[in-house]
Amino acid sequence: MKLFDVYPINPINIVKGVGSLVYDDKGTEYLDLYGGHAVISIGHTHPHYVKRLEDQLHRIGFYSNSVEIPLQKQLAEKLGQVSGYEDYQLFLCNSGAEANENALKLASFHNGKRKVIAFHKSFHGRTSLAVAATDNPKIVAPVNETDNVIFLPWNDEAALEQAFEASEISSVIIEGIQGVGGINVAAESFLQKIRTLCDQHDAVFIADSVQCGYGRTGKFFSQDFAGVKADIYSMAKGMGNGFPIGGIIISPKIQPSYGMLGTTFGGNHLACAAGLAVLEVIEQDNLMQNASEVGEYLIAELKKFDQVKEVRGRGLMIGIDLPQELAHVRKELLFKHHIFTGESKPNVVRLLPALNLTKTHADRFLEAFSTVLNYQLT
Ligand SMILES: Cc1ncc(COP(=O)(O)O)c(C=O)c1O
């Protein structure tokens, strides 16, 4: 059997990882500023994470949601404590798309309405409603097409007000910082406007924090910078440091009922052990503060390069917008300097490293980046 060929892959076989470094099958070392797509939050093979998963696996890896799983309650408690959302409720699932699917569905159950506001260049996942709220027609299959989603321009308060006047809105879904869309930061006033309009019109504010959340920006959720709370936050990527786990946290004003949401794998013992290990390390090692400090340093240094069009982002979620003539920078970084980065089309280099990235590793990147830019210009 062959693999279904949907990924344009680099010819590199990563077999080992430690912290922000990974190694291929030939022993070549790479600096990982991509974090396997914003997933590696506490570094590869963190000893506390490995031990917690290993210990759990020796006890029990999985049992269904038909029995008590105390680890779920421990995870909810820890998440409440680390995020500061202690009065919210946690529903666990397995991925970012699923988290958003559940968030959108829950909003509609809650207020009985249908219409969803999403934004240009948004990415919310590939399941039916999540993909319908994603602004990329290429990944929306005919069966997913719906007129329930209204796409509005980014950071446009007037358009938002008009949409609320024109339709009965069930929910607004927004990434605090668009990832796939090119590292675009939502204006604080825009997030505040969403809060006000959702309150006025009994709509649900959904903060997609799958990529920009979990401490990456220096605050637990990037939307926190606006000083307003969303009703539902979706999360996944950094939550399990590679173990598939996702979830939504839900405001106390939204009431659950039996059967409303559900999943086979979500919240299993191993997933919870992974989730707990991540939060324990984030807390013990002050990783949000590190993300903020090393991120600020990187952003300030990157802004010094004249050839860069714009540097966007917060903490360790950084987009380096390059002109067309520097479109090959990412490939050069990978194949000449052995540094993994992410990309957003057309020419944004995305940095999504582990939250414990050291300044030394940040400097290693800056030196390589400088070499590549200078080489490109001569
Ligand atoms: C903002 C955002 N939401 C949702 C998703 C979907 O997550 P998953 O691939 O885990 O389904 C992603 C994935 O890149 C994302 O960046």
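Just follow the structure's listing: the first ligand is 1, and inside any ligand the first atom is 1.
For atom 14 (O) of ligand 1, the protein comes within 4.0 Å by at least one heavy atom.
Which parts of ligand 1 touch Val210 is read off a 4.0 Å heavy-atom cut-off, strictly below it: atoms 2 (C), 3 (N), 4 (C), 5 (C), 7 (O), 12 (C), 15 (C). Set against the non-hydrogen atoms of His37, the atoms of ligand 1 under 4.0 Å away are 14 (O). Close approach of ligand 1 to Ala97 is summarised as follows: ligand atoms under 4.0 Å from at least one heavy atom of the residue are 6 (C), 7 (O), 8 (P), 11 (O). Those atoms of ligand 1 that come under 4.0 Å of a heavy atom in Ser95, given as number and element, are 10 (O), 11 (O). Taking every heavy atom of Asp208 and a limit of under 4.0 angstrom, the matching atoms of ligand 1 come to 1 (C), 2 (C), 3 (N), 4 (C). Close approach to Gln211 involves these atoms of ligand 1, each under 4.0 Å from a residue heavy atom: 16 (O). Counting the atoms of ligand 1 from 1 in the order shown, those under 4.0 Å from a heavy atom of Glu175 are 1 (C).
Within the 4.0 Å heavy-atom criterion, the part of Lys237 lying near ligand 1 is the side chain and not the backbone. The proximity of Asn100 to ligand 1, defined as any non-hydrogen pair under 4.0 Å, is limited to the side chain.
The 12-atom threshold is exceeded at CZ of Arg364, counting heavy atoms of other residues, nucleotides or ligands nearer than 6.0 Å. Glu168 CD: 12 or fewer foreign heavy atoms inside a 6.0 Å radius.
The one candidate from Glu280, Glu86, Glu283 that meets the salt bridge (charged side-chain N to carboxylate O under 4.0 Å, His left out) condition with Lys78 is Glu283.
Aromatic ring pairs are classed by plane angle as parallel below 30°, tilted from 30° to 60° and perpendicular above 60°; the pair Phe119 and Phe190 is perpendicular. Taking the six-membered ring where the residue is Trp, Phe305 and Phe369 present perpendicular rings, their angle passing 60° and hence far from 30°.
The single protein non-hydrogen atom nearest to atom 10 (O) of ligand 1 is Gly96 N, 2.8 Å, given as residue, atom name and distance. Shortest contact from atom 2 (C) of ligand 1 to any protein heavy atom: Phe123 O, 3.3 Å.
For the residue pair Ala133 and His124, the shortest heavy atom distance occurs at O-CD2, 3.1 Å.
Aromatic ring centres of His120 and Phe151 lie farther apart than the 6.0 Å criterion allows.
Look at Glu54 and Arg52 and you find no salt bridge, because none of the NZ, NE, NH1 or NH2 atoms lies under 4.0 Å from a carboxylate O.
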